[in-house]
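Worksheet for the structure shown next.
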2 protein chains.
Amino acid sequence: MPAPKKKSSPHATEPKPRGEAFVQTVLQVTLQQLADVGFEKLSIPDVAARAGVNRTSIYRRWRTKEVLVRHALDAAMDHSEGLATTGDLRTDLIALAQTVAHFLQSPTGTAVVRILLAEGSNPELRLLANKAYGNASDRAPFALLAQAKARGEIAPDVDASTLLFTIAGALMHRVFVEQGRATVTYIAQVVDLVLKGATRYAKEELLETHYRSAHAS
Amino acid sequence: MPAPKKKSSPHATEPKPRGEAFVQTVLQVTLQQLADVGFEKLSIPDVAARAGVNRTSIYRRWRTKEVLVRHALDAAMDHSEGLATTGDLRTDLIALAQTVAHFLQSPTGTAVVRILLAEGSNPELRLLANKAYGNASDRAPFALLAQAKARGEIAPDVDASTLLFTIAGALMHRVFVEQGRATVTYIAQVVDLVLKGATRYAKEELLETHYRSAHAS
DNA sequence: CGGACATTGCAACTTTGAGTTGCAATCACT
DNA sequence: AGTGATTGCAACTCAAAGTTGCAATGTCCG
């Protein structure tokens, strides 16, 4: 008997009655609320009201606020998209930064960052938020930089995490502190800054350096 | 409301009774509490208990939590230190970043950032937090960069705020997301990254660019 | 010194909002 | 149709914020 599920009977022994829609609605609203008012101000009665359901029903499924939020975040971060790489470092970094920016500006991302910053305690929640945060950009970025470094495209003494976190920090500052949009233009500016440096046009100095090293050997 | 201080006697018309010490204690504790539990979880009864005073007394002076926090922040950001500049851009930027990092890691700074990120609404509070944030580094940094740009030390198309906010964002990420210390080493790394760029050693490409621009037209 | 004024503390009260429980209504699936 | 599970509803408990009247204490000034 084809049992992809848990029960042997072919008919749905795991009935997804109105319950499934219920769960989805509540988790959705929880995320929204999380982004809007933050973790601390989020309350189950509020979520219930906004979701158009009764508090009691929520309390019965998720005993506490923490559990509810955990499940909401869990459900929200299932879709980890692979990061397509073109081989051009600048292009790839911009694409990556766009992914991160998109995440930061989404309800989920906002919620996650708020938890990360405000919930210094609550190790369980922090862990989950960290997971969600890391999930948005996985390990791929590090591979990206390792390759670039192997190609000699970036300096060997540049720390990959410093570079990535600087970009991420710039985006966070843009979105949350300045409360501005992280446009493609802005993202490109940041990436270019970090890649080429602010002093990129001091050609004389660079040439000098080159000649010196060329003549030295 | 302002106390009726207009007395006929020329002596201390602004009496500082036990009230002054009271105010200072409460504001101090408020700041501490703000950094410890954040704005949302902060409650006047808690502050009262921690300050060893009665809630009622606090309620009478500051009607709401918002007012109390506003005054606490106001009192905390009086000392704006001038930024000494040496003329060397890298040195000055590192010094500046250290000031910012120091602020971010202080109770006041933590509180301010938490408010900035969590209190997207509350325009009044946000405004004050912004003021406190900006206060940590005033306009001096912009002058710094303007001078460097005038000297041709940095590229003319580099946006000053992008550069500064990228550094600030990197520090915020370090302190709040990674929850690590912003050491001098790390700060120098970030500043160097932003100034020189990750691709600083790709001499061939830079030379190529130079030759092209030299031979072209 | 002493009396008026202001400030703080104290205790009891009201209010608000989270969380709980028993029961009726509803839906799903046999 | 009937049975079991799920949701809604209404009334409750409980904790903590905020309020008020009054007593106690300190300060100022004649």
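Just so it is clear, the structure is predicted and the values come from calculations on it, not from any experiment. Just so it is clear: chains get the letters A, B, ... in the order the sequence lines come, proteins before strands, and each one is counted from 1.
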Is it true that [Y] and [X] share a donor-acceptor pair across their side chains at a distance under 3.5 Å?
| X | Y | answer |
| --- | --- | --- |
| A:Thr86 | A:Asp88 | no |
| B:Asn54 | B:Ser57 | no |
| A:Glu20 | A:Gln24 | yes |

Let me know the distance between [atom1] of [X] and [atom2] of [N], rounded to the nearest Å.
| X | N | atom1 | atom2 | result |
| --- | --- | --- | --- | --- |
| A:Phe39 | C:dA18 | CZ | P | 14 Å |
| A:Phe22 | C:dA28 | CZ | P | 15 Å |
| B:Arg63 | D:dT19 | CZ | P | 9 Å |
| B:Arg61 | D:dG18 | CZ | P | 18 Å |
| A:Glu20 | D:dT6 | CD | P | 12 Å |
| A:Lys41 | C:dA18 | NZ | P | 13 Å |
| B:Leu42 | D:dA16 | CG | P | 16 Å |
| A:Leu68 | C:dG19 | CG | P | 11 Å |

Side-chain atoms of residues 163-173 of chain A: list all donor-acceptor pairs with protein atoms under 3.5 Å, sequence neighbours left out, distances to 0.1 Å.
{"from": "A:Thr166", "atom 1": "OG1", "to": "A:Thr162", "atom 2": "O", "distance (Å)": "2.6"}
{"from": "A:His173", "atom 1": "ND1", "to": "A:Glu178", "atom 2": "OE2", "distance (Å)": "3.0"}
{"from": "A:His173", "atom 1": "NE2", "to": "B:Tyr133", "atom 2": "OH", "distance (Å)": "2.7"}

For [X], which residues count as a side chain to side chain contact (heavy atoms under 4.5 Å, CB included) partner, sequence neighbours excluded?
| X | value |
| --- | --- |
| B:Ala49 | none |
| B:Ala48 | B:Val53, B:Arg55, B:Ile58 |
| A:Val175 | A:Gln105, A:Ala182 |

Can you find a side chain N or O atom of A:Arg60 that sits less than 4.0 Å from OP1 or OP2 on C:dT20?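 The answer is no; no side-chain N or O of A:Arg60 sits under 4.0 Å from OP1 or OP2.
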Is any side-chain heavy atom of A:His71 closer than 4.5 Å to one of A:Trp62?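 Yes, side chains in contact.
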Angle between the two end axes of the helix from C:dC1-D:dG30 to C:dT30-D:dA1, five base pairs per end, rounded to 10 degrees?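 Computed angle between terminal axes is 20°.
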What verdict does the salt bridge (charged side-chain N to carboxylate O under 4.0 Å, His left out) test give for B:Asp36 and B:Arg50, after you've listed the backbone C-alpha separation in whole Å, the side-chain angles of each residue and the deciding distance to 0.1 Å? CA-CA 12 Å; B:Asp36 285 354; B:Arg50 193 164 169 181; 3.1 Å; yes
Which residues in residues 50-59 of chain B have at least one heavy atom lying under 4.0 Å from any atom of DNA chain C? B:Val53, B:Asn54, B:Thr56, B:Ser57
